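Okay, so here's the structure we're looking at.
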There are 2 protein chains.
Amino acid sequence: MQDPSTEQKILEAAISIFQKKGMAGTRMQEIADEAKINKAMLHYYFRSKQRLFEAVFMQAFQQLAPHVNEIFNADATVFEKVESFVDKYISFVLVNPYIPSFLIQEINNNPKFAQTFFSAHGVPDPSQFEQQIAEEIQQGILKPIDPKQFLLNLFSLTAFSFAANGLVKGLLNIDNETFMMMMEERKKLIPELIINSIKR
Amino acid sequence: MQDPSTEQKILEAAISIFQKKGMAGTRMQEIADEAKINKAMLHYYFRSKQRLFEAVFMQAFQQLAPHVNEIFNADATVFEKVESFVDKYISFVLVNPYIPSFLIQEINNNPKFAQTFFSAHGVPDPSQFEQQIAEEIQQGILKPIDPKQFLLNLFSLTAFSFAANGLVKGLLNIDNETFMMMMEERKKLIPELIINSIKR
DNA sequence: GTCTATAGCCAGATAGAC
DNA sequence: GTCTATCTGGCTATAGAC
């Protein structure tokens with residue numbers, strides 16, 4: 001394995017710091033220290049804090065969005081998609097634990113930036129999946145439910161534990177090991193709960 | 001109604017700004033402008049940004065925690081507590097929409113502060129409720145489930161929509177009015193979903 | 001490409017007049 | 001209690017030597 005380029009080292013350090021502390025809480029010096037690189041280099045490669053942040057945001061977004069779309073638009077039943085989504089999402093965020101809270105926080109804190117970003121790069125779009133849910137209800141496969149409420153249940157059950165990681169651990173009084181074990185269990189529990197609620 | 005005291009005006013402005021932008025994203029000047037008060041007054045009454053932040057954090061926390069404890073430790077069945085919690089929580093955050101994301105964000109970004117704060121003021125403690133769930137399972141009223149997973153489902157379904165407000169609206173492609181209507185519906189949907197999953 | 005030094009700005013905090 | 005003026009430090013960003 002070759003030594004990573006300076007640009008790579010910077011980006012990786014920036015990902016690590018920005019994802020933990022957010023745009024407003026991050027100092028350029030801290031990224032430089034993490035990358036073991038002179039602070040001036042950050043500006044040489046990325047021009048400004050804003051641009052470096054955007055590279056980080058993009059990277060986080062690109063790792064999630066395409067997979068979500070892929071699952072939702074696959075040729076599979078609603079049940080299969082639920083199982084696939086929960087399994088893939090939890091597996092991914094267990095090794096990238098800061099991405100959900102990072103994305104959620106920055107979208108909340110900077111709606112204007114998010115708006116612009118999503119206009120340019122597209123949001124994960126579950127509308128086709130919503131359509132499919134409506135159809136399976138029509139066909140009598142599923143009990144009637146608002147497809148948007150259905151999706152919201154799915155996202156909530158899957159993502160909240162990571163979005164509110166600190167609070168969850170505090171409330172349930174569990175350490176990180178227990179947390180990770182519970183998340184592994186949830187790969188089964190969540191699809192069971194969801195499917196059980198709409199199965200005819 | 002009497003004119004609010006200067007201290008009150010500052011605190012209210014601080015709540016408004018801190019809850020939207022977080023500790024790191026907030027400027028003292030912005031709070032002063034919002035309160036229509038000189039910036040020096042903030043320091044006169046609250047000494048430092050950190051202390052003002054702590055007053056805001058405390059205020060948000062105090063509005064939620066005691067009610068949660070009250071519900072969980074009441075003399076009622078598990079089903080009743082679920083219904084009561086969902087209804088009260090959603091009603092409250094619909095008029096205080098920034099509190100969940102604010103608390104979650106600050107706990108994530110500043111675990112050390114959160115640790116200290118909770119050591120001093122206590123976390124909402126659902127352990128007695130967990131106990132009760134275990135007992136009702138024992139008695140054959142409920143299907144077997146890990147009480148912590150049960151609570152996590154309840155919190156996830158109830159809080160995620162508010163914690164990830166911006167993302168949820170973007171993903172589901174809904175405006176604020178639709179969002180609020182969906183939340184009203186969820187007061188019924190969530191207890192149904194939860195109770196249905198554990199009812200014998 | 002990489003470094004040092006520093007410009008330029010802005011934020012939190014305080015002194016001191018009223 | 002309230003204001004103006006200002007200190008002090010820290011931050012982003014850049015100039016310029018190597």
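The chains referred to below are lettered A, B, ... by the order of the sequence lines, with proteins before strands, and numbering in each begins at 1. This one's a predicted model, so the numbers in the text were calculated from it and none came from an experiment.
One atom, CZ of B/R51, and another, P of C/dT14, lie 11 Å apart when rounded to the nearest Å. If you measure from atom OH of B/Y44 to atom P of C/dA15, you get 14 Å, rounded to the nearest angstrom. Atom CZ of A/R27 and atom C1' of C/dC10 are 12 Å apart (whole Å). A straight line from CG of B/L42 to P of C/dA11 spans 13 Å, rounded to a whole angstrom. The interatomic distance linking B/M41 (CE) with C/dA15 (C1') rounds to 13 Å, in whole Å. With rounding to whole Å, B/M28 atom CE is found 6 Å from C/dA13 atom P.
Within the nucleic acid shown, A/S5 has no heavy atom closer than 4.0 Å to any nucleic acid atom. Among the protein residues, B/Y45 comes within range of the sugar-phosphate backbone only, with heavy atoms under 4.0 Å from sugar or phosphate atoms but none that close to a base.
Axis deviation across the helix from C/dG1-D/dC18 to C/dC18-D/dG1 amounts to 10°, comparing end segments of five pairs, rounded to 10 degrees.
Counting heavy-atom neighbours within 6.0 Å of A/Y98 OH, excluding the residue itself, gives a total of 12 or less.
In this structure, A/E83 contributes its side chain and A/P191 its backbone to no donor-acceptor pair below 3.5 Å. In this structure, the side chain of B/E192 does not engage the main chain of A/S197 through any donor-acceptor pair within 3.5 Å.
For A/E70, the salt bridge (Lys or Arg N to Asp or Glu O under 4.0 Å) criterion is met by no residue, not counting sequence neighbours.
Ring-plane geometry between A/F118 and A/F61 is classed as tilted, the angle between the planes lying from 30 to 60 degrees on a 0 to 90 degree scale. The aromatic rings of B/F155 and B/F85 sit perpendicular to each other, their planes meeting at more than 60°, with 30° as the lower class boundary.
Nearest approach of B/P126 to B/L151, heavy atoms of both residues: CB-CD1, 3.6 Å.
With a cutoff of under 4.0 Å to any heavy atom of chain B, the contacted region of DNA chain D is bounded 5' to 3' by D/dG1 to D/dT4.
For the pair A/E184 and A/K187, the salt-bridge criterion is met [side-chain N within less than 4.0 Å of a carboxylate O].
For the OP1/OP2 pair of C/dA13 and a distance below 4.0 Å, the side-chain nitrogens and oxygens of B/H43 include at least one atom meeting the criterion.
No side-chain donor from either of B/K49 and B/T26 sits under 3.5 Å from a side-chain acceptor of the other.
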